[in-house]
Amino acid sequence: MPEPTLNFSVTCPDCGLESVSEIPIAVIANDLLTGKNLRLYSSCHDRYWTATFTEREQLRQSLAQYSASGRAVRASVRSLDIGGPEA
C-alpha cells in the first residue's frame, strides 16, 4: 500500500515559479511535532530550503484539513502560497 502523501504548492525562492511538491504525511507530521527542520523542494532550480514559520503553519493547517476530510490516501491542497525564505 502506498504511503499517504500531501501535495501542496511551493514558490521557487530563485525565480518565483509555482510548482507542486509532495511529501509523505508521516514526514510532515513528525517534523512539525518534533520541531525538526522541514525541507521544501522546488524542481525548476533543483532547490531545497528549510520551511519558514509561516510555511510550517500552512502545512499544519493543510494536515488538519486532510484529517478532517477523512481521505485515506492523498490530500491535495490547491493554493497554499508556500514561498521561499522570508526576506
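Position 1 is the first residue of the sequence; numbering continues from there. What's counted below: heavy atoms across the whole structure, side chains too, no hydrogens, waters or symmetry copies.
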Measuring only between side-chain heavy atoms, which start at C-beta, is [X] closer than 4.5 Å to [Y]?
X	Y	value
Phe8	Ser62	no
Ser19	Val10	yes
Tyr48	Leu40	no
Cys15	Cys44	yes
Ile23	Leu6	no

Which pairs with one or both residues in residues 11-34 pass ring pair (Phe, Tyr, Trp, His ring centres under 6.0 Å), sequence neighbours excluded?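 Passing the test, one end in residues 11-34: no pairs.
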So, for Thr11 and Gly16, which heavy atoms are closest and what is the spacing to 0.1 Å?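 Taking every non-hydrogen atom into account, CG2-O, 3.4 Å.
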Closest heavy-atom pair and its distance - Gly35, Arg56: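 So the two residues come closest at CA-NH2, 3.8 Å.
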Working to the nearest 0.5 Å, report the span between OH of Tyr66 and OG1 of Thr5.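 Taking OH in Tyr66 and OG1 in Thr5, the distance rounds to 8.0 Å.
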Rounded to the nearest 0.5 Å, what's the gap from OG1 on Thr54 to CG on Leu59? Could you check?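 One finds 11.0 Å between OG1 of Thr54 and CG of Leu59.
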Which residues end up grouped with Leu33 if you chain together Ile, Leu, Val, Met, Phe, Trp and Tyr wherever their side-chain heavy atoms are less than 4.5 Å apart?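 None; Leu33 is a cluster of one.
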Test: side chain to side chain donor-acceptor pair (under 3.5 Å). Region: residues 26-42. Which pairs qualify, not counting sequence neighbours?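 Output for this query lists Arg39-Thr50, Tyr41-Asp46.
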For Gln61, side-chain hydrogen bond (donor to acceptor under 3.5 Å, both in side chains) partners two or more places apart: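 Gln61 satisfies side-chain hydrogen bond (donor to acceptor under 3.5 Å, both in side chains) with no other residue.
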